[in-house]
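Report on the following structure.
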Amino acid sequence: MDNHRNLILAIVLSFLLLLGWTSAMDYLYPQPEQALVGDRADTPSEQVAQAADGAATRHSRTGGLVDPAMRAQEVADLKTALASPDRLPIDAPRVAGSINLRGGVIDDIVLKGYNETTSKDSEPVRIFSPSGTPAQQFAQFGWVGSNLTVPGPQTLWEADGDVLTADTPVTLTHDNGEGLTFAIRYSIDDKFMVTAEQSVANSGGAPVVIQPFGLVNRTSRTASEDLWIAHSGPIGVFGDSADYDVDYDDLDDDQRISPEGRTSWAGFTDIYWLAALVPQDDTAPETTFRALGDETYRADMIYEPSNLAAGQAYTVTSRLYAGAKESVILDSYEDAGLQKFGLAIDWGWFRWFEKPFLWLLRTIYDAVGNFGIAIICLTIIVRGAMFPIAQKGFASMASMKAIQPKMKALQEQYKDDKPKQQQEIMALYKKEKVNPVAGCLPMLLQIPVFFALYKVLYLAIEMRHRDFLWITDLSAPDPANLANALSYVGIEVPQFLMIIFGLGVLGVLLGFTMWLTFKLNPSTLDPMQQKIFDIMPWILMFVMAPFAAGLLLYWVTSNILTLAQQKYLYSKHPQLRAAIEEDKAKKAAEAAKAGS
């Protein structure tokens, strides 16, 4: 009776687990996007406001606006904002966009080499949008002033150049008419780093106190989902450690958070993109994250006040990283002195395993030219490296099975004297040269390795928009599912049914290979427990189906290799399989006898 109750409980819990994944399916399998072209009057700003004031904003795994009305409004607002003549173009090797001379704000940045979708006519990824747009994110450098006139949001700066490139810096200047000349010299490298040299020249007759600042302002509506495996939100290195503990909800609760320790860099991160401020090396500005309301947030760093005597000038140099979280690029800045910048990717505890895996994955990709094949090759290499450990574990299991009759005899002989029983069993281990933990230790050693590989495939931007066979994006769920097929004939599957209709080819292969793995491995469980284990592969199939196709490709490949490995190892240790099958037959006979 207990076994039946446990089976029912296990099935109920399994269905609850599936239902718990509905929210994940909501963003991993969003409804088809509405067209963003045509009459803009069909999506008025009032509709956007209603969407913002209604239910909580939905977030996709990789970020970006999800609501169709907001996406349409963003396109319309961008068209208006970027048509202003008061803009200085940016044209660098990895970055394009413009600086708004009205306020001197960097509010228009798109990334060359990264597109929004896999479509051939897709627009490049936009990470900065002007203030007031649904997807706003921008950076600004300026000065705080109480008793003097400093440049403000409406200040129209003068530029000494026509375009900011990696070879041609541009200086913006403004004379406040009171003896102070403000200047910001912008330069950009061949990657994603902008340098801002803020200077003030005092030609007046009295000293002044100046205080430079830098800020990044953004909305959380475009944020990627904040998960235990991938942080999204405020980030930075303060003191000697990276801080992933603050999210947008924390800012909503506290309104203002000032991390402790000197700031090496600070800003906002998504799973693939980063906007971060970097202060001058010999300074210790105060860094604060703030909630501004309406899903808008700000990270600012304010330098210490400085006295500027008449006839003197003062300069402070800050930097802004606005781009992709490519591990190689982040590490290159870290090697150049930017403390722990590589930790902008939340590698976690096993980063010493993960980063070599990522290097190996990139190396294989460079050799084979396809990221899916690279994942398969990497899985084969890792499983091959783990094979001696698995072989040792099987040998230990075989040895333990061989001495089982002697152990049972000792347990029966000393059943009333536990200390003596343990002493004799340990003596048996020593005599037979068997290590009881040797079978478990190899499995424990594999856990961090395989978790590290899982995290690399999840976080690596290198997997984004990479194709393999029918898959157009290995960082997205498998598109070959029944829901997508029905959408081609005009049938839209309700969201609550996506848990079933969203199952793709890779998900089915995953469930089938897991089931084969369980079947090939003889079990000593009683029949009732075995029934529970028989349904587990199919439950896990639904649970894992929404994961990125690249991860499923890894798991399917790993399962196939596990099948081959098990078949080989059982052929090398036939006594182990025979002993397990014998135990299984005995338990089945006992169960049949008890039932009759």
Side-chain angles (χ1 to χ4, degrees), residues 33-52 57 63-92 95-112 114-116 122-142 151-159 161-164 170 172 174 184 186 188 192 194 196 214-223 268 270 273 275 292-299 320 322-323:
E33 298 174 2
Q34 298 178 7
L36 301 182
V37 296
D39 187 2
R40 302 302 179 191
D42 294 338
T43 56
S45 58
E46 288 82 1
Q47 188 175 353
V48 177
Q50 290 173 3
T57 299
L65 293 173
V66 176
D67 183 81
M70 284 191 177
R71 293 172 66 92
Q73 190 63 41
E74 172 72 9
V75 172
D77 289 350
L78 277 176
K79 185 176 181 179
T80 300
L82 301 184
S84 168
D86 300 326
R87 287 197 165 269
L88 175 74
I90 300 173
D91 186 10
V95 168
S98 62
I99 299 173
N100 190 352
L101 296 178
R102 181 71 67 180
V105 183
I106 305 175
D107 62 358
D108 171 28
I109 287 186
V110 297
L111 306 182
K112 297 179 179 180
Y114 291 102
N115 292 335
E116 292 283 358
S122 172
E123 295 291 327
V125 166
R126 171 173 294 278
I127 63 171
F128 276 16
S129 289
S131 175
T133 62
Q136 72 174 38
Q137 181 169 214
F138 57 87
Q140 184 177 12
F141 297 93
Q154 296 304 314
T155 298
L156 183 60
W157 292 78
E158 295 182 3
D162 297 325
V163 58
L164 173 62
V170 173
L172 309 185
H174 170 69
I184 306 176
Y186 284 118
I188 188 169
F192 304 109
V194 177
L215 66 83
V216 171
N217 181 301
R218 74 163 292 168
T219 177
S220 64
R221 288 188 290 267
T222 58
F268 295 102
D270 297 299
W273 323 115
L292 305 180
D294 192 26
E295 298 181 284
T296 305
Y297 306 86
R298 191 175 79 207
L320 168 70

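Side chains included, hydrogens not; waters and symmetry mates left out as well; all remaining heavy atoms used. Here, residue 1 is the first one in the sequence, and each next residue gets the next number.
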Among Arg298, Gln140, Gln137, which residue meets the side-chain contact (heavy atoms from CB on, under 4.5 Å) test with Val216?
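Answer to the side-chain contact (heavy atoms from CB on, under 4.5 Å) test with Val216 among Arg298, Gln140, Gln137: Gln137.
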Given Val95, which partner from the list Ile188, Leu164, Ile127 fulfils the side-chain contact (heavy atoms from CB on, under 4.5 Å) test?
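It is Ile188; the other options fail the test.
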Is the backbone of [Y] close enough, under 3.5 Å, to the side chain of [X] for a donor and an acceptor to pair up by distance?
X: Asp67; Y: Ala69; result: yes
X: Lys112; Y: Asp91; result: no
X: Ser84; Y: Ala81; result: no
X: Arg71; Y: Gly64; result: no
X: Thr133; Y: Glu74; result: no

For the student: nearest non-hydrogen atoms of [X] and [Y], plus distance:
X: Ala159; Y: Leu101; value: CB-CD2, 4.3 Å
X: Gly161; Y: Val170; value: N-CG1, 4.1 Å
X: Val105; Y: Ala139; value: CG1-O, 3.4 Å
X: Phe268; Y: Ala299; value: CE1-N, 3.5 Å
X: Asp270; Y: Ala223; value: OD1-CA, 3.3 Å
X: Asn115; Y: Pro124; value: OD1-CA, 3.8 Å

With heavy-atom distances below 4.5 Å as the criterion, would you say the side chains of [X] and [Y] are in contact?
X: Phe192; Y: Leu111; result: yes
X: His174; Y: Glu158; result: no
X: Leu320; Y: Phe128; result: yes
X: Leu78; Y: Arg126; result: yes
X: Asp294; Y: Arg221; result: yes

Criterion side chain to side chain donor-acceptor pair (under 3.5 Å) against Ser98, the qualifying member of Asp107, Asp86, Asp108:
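For Ser98, the side chain to side chain donor-acceptor pair (under 3.5 Å) check succeeds only for Asp108.
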When you look at CD of Glu116, are more than 12 heavy atoms from neighbouring residues, nucleotides or ligands closer to it than 6.0 Å?
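Yes, enclosed.
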Between Phe138 and Asn100, is the side chain to side chain contact (heavy atoms under 4.5 Å, CB included) condition met? List the steps.
CA-CA 10 Å; Phe138 57 87; Asn100 190 352; over 6 Å; no
Trp157 and Leu88: CA distance, side-chain angles, deciding distance, side chain to side chain contact (heavy atoms under 4.5 Å, CB included) verdict:
CA-CA 10 Å; Trp157 292 78; Leu88 175 74; over 6 Å; no
How long is the gap from CD1 on Ile99 to CD1 on Ile106, to the nearest 0.5 Å?
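Nearest 0.5 Å value for the CD1-CD1 distance: 5.0 Å.
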How far apart are the C-alpha atoms of Val194 and Ile90, what are their side-chain angles, what is the distance that settles it, and do they pass the side chain to side chain contact (heavy atoms under 4.5 Å, CB included) test?
CA-CA 11 Å; Val194 177; Ile90 300 173; over 6 Å; no
Arg218/Gln136 under side chain to side chain contact (heavy atoms under 4.5 Å, CB included): CA gap, chis, key distance, verdict
CA-CA 6 Å; Arg218 74 163 292 168; Gln136 72 174 38; over 6 Å; no
